[in-house]
Amino acid sequence: MKQILFPILLLIFSAQVMAQSKVGTIDSEFILSKMPELTKVQDDLKAYNTKLEGELKIKVDDYQAKVADYQKNVATMTEPMKKTKQEEIINLENDIAKFRQNGAQLVQIEQNKLLQPLYQKIGKVLEETAKAEGYTQVLTITSSGLAYIDPKFDLTKTVMTKLGIKTE
């Protein structure tokens, strides 16, 4: 009897839970692209990238100066001096290579840092909207690969309106 009763109760409970669910969607990337604050983020990111490029140029110029100095004075150097200068040049080459590798990661980290407040702003308004309209779940459109979405459950425009972003 218990073996039959448990699955029936589980089925009834599952049906009630499913009936109470309201699922919506949001395209946070679209909202982000329409936010006026994005322009400042892009400008700040461009400035950061320019700063990194300036630091790289200084390293490359220093490297080129040391190589030119080495080539110019190699004939008059003693073996220990040559070895020291060669190690210095190799260390600079390695430093430049490491800086180039890390540059893309540094830009990505800075971009994430600058975009975080915007995503938090979207998330806060989404949470308020979802609670006010009784949504139990909200899926993001951009990375979910959803095949069909009923537009009446898409919260993108509602969130944009509450953020003060004009919708077309």
Side-chain angles (χ1 to χ4, degrees), residues 23-74 77 79-133 135-149 151 153-168:
V23 179
T25 60
I26 188 167
D27 188 348
S28 55
E29 295 300 319
F30 178 74
I31 295 172
L32 182 69
S33 72
K34 299 294 184 181
M35 292 178 81
E37 298 98 321
L38 186 62
T39 304
K40 181 175 178 349
V41 167
Q42 290 169 334
D43 291 344
D44 290 350
L45 193 59
K46 195 179 291 183
Y48 183 75
N49 200 21
T50 302
K51 177 185 159 217
L52 288 179
E53 287 173 3
E55 290 176 19
L56 179 62
K57 185 178 180 342
I58 290 169
K59 290 178 183 290
V60 169
D61 290 347
D62 184 38
Y63 168 77
Q64 289 173 342
K66 293 208 190 266
V67 168
D69 182 55
Y70 175 80
Q71 290 173 342
K72 179 180 167 187
N73 298 318
V74 71
M77 292 181 185
E79 279 305 312
M81 284 177 66
K82 284 181 188 178
K83 188 171 179 125
T84 302
K85 292 288 184 183
Q86 288 170 350
E87 287 175 1
E88 193 176 321
I89 289 171
I90 289 170
N91 287 338
L92 283 173
E93 285 176 353
N94 293 337
D95 188 38
I96 290 170
K98 193 181 296 182
F99 190 84
R100 283 186 173 144
Q101 284 177 339
N102 293 339
Q105 292 173 339
L106 290 172
V107 169
Q108 185 64 46
I109 290 169
E110 184 69 11
Q111 180 180 11
N112 292 343
K113 185 179 99 178
L114 293 171
L115 288 176
Q116 188 64 30
L118 300 182
Y119 280 116
Q120 287 175 340
K121 190 174 182 180
I122 292 169
K124 183 179 178 199
V125 173
L126 172 61
E127 184 177 345
E128 292 169 1
T129 303
K131 284 181 181 178
E133 296 186 18
Y135 287 92
T136 57
Q137 301 169 29
V138 178
L139 306 172
T140 183
I141 293 172
T142 50
S143 61
S144 66
L146 297 173
Y148 172 76
I149 300 166
F153 294 113
D154 188 0
L155 301 177
T156 303
K157 288 183 181 177
T158 306
V159 170
M160 288 177 70
T161 302
K162 287 186 178 185
L163 284 170
I165 300 170
K166 295 184 180 186
T167 58
E168 298 156 10

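Side chains included, hydrogens not; waters and symmetry mates left out as well; all remaining heavy atoms used.
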Value for CG (D95) from CD1 (I90), rounded to nearest 0.5 Å, stands at 13.5 Å
Residues K40 and E37 bridged, charged N to O under 4.0 Å
no
Can you find a heavy atom in the side chain of E133 that is under 4.5 Å from one in the side chain of T129?
yes
Does the side chain of Y119 come under 3.5 Å of the side chain of E29 through a donor N or O and an acceptor N or O?
yes
In Å, rounded to the nearest 0.5 Å, how long is the span from CD1 of I165 to CZ of F30?
9.0 Å
Working note: E79 + K82, criterion side-chain contact (heavy atoms from CB on, under 4.5 Å); need CA distance, chi angles, decisive distance, verdict.
CA-CA 5 Å; E79 279 305 312; K82 284 181 188 178; 3.5 Å; yes
Are E128 and K162 ion-paired here, with the side-chain N under 4.0 Å from a carboxylate O?
no
Please determine whether side-chain contact (heavy atoms from CB on, under 4.5 Å) holds for the pair N73 and K85, giving the CA-CA distance in whole Å, both sets of side-chain angles, and the decisive distance to 0.1 Å.
CA-CA 11 Å; N73 298 318; K85 292 288 184 183; over 6 Å; no
Minimum heavy-atom distance L52-F99, with the two atoms named
O-CE2, 3.4 Å
Tell me, yes or no, whether the heavy-atom count around K83 atom NZ, taken from other residues, nucleotides or ligands under 6.0 Å, exceeds 12.
no
Do K124 and E127 meet the salt-bridge criterion of a basic N to acidic O distance under 4.0 Å?
no
4.5 Å side-chain heavy-atom contact, D62 and K59
no
Flag, side chain of T156 to backbone of D27, donor-acceptor distance under 3.5 Å
yes
Going by distance alone, is a donor N or O of one side chain under 3.5 Å from an acceptor N or O of the other, for N91 and E87?
no
A130 to V138 - nearest heavy-atom pair and separation:
CB-CG2, 4.1 Å
Are any non-hydrogen side-chain atoms of K121 and I31 less than 4.5 angstrom apart?
no
Contact between V60 and L92 at the side-chain level, heavy atoms closer than 4.5 Å - yes or no?
no
Once rounded to the nearest 0.5 Å, what's the spacing between atom CG of D44 and atom CG of L114?
5.5 Å
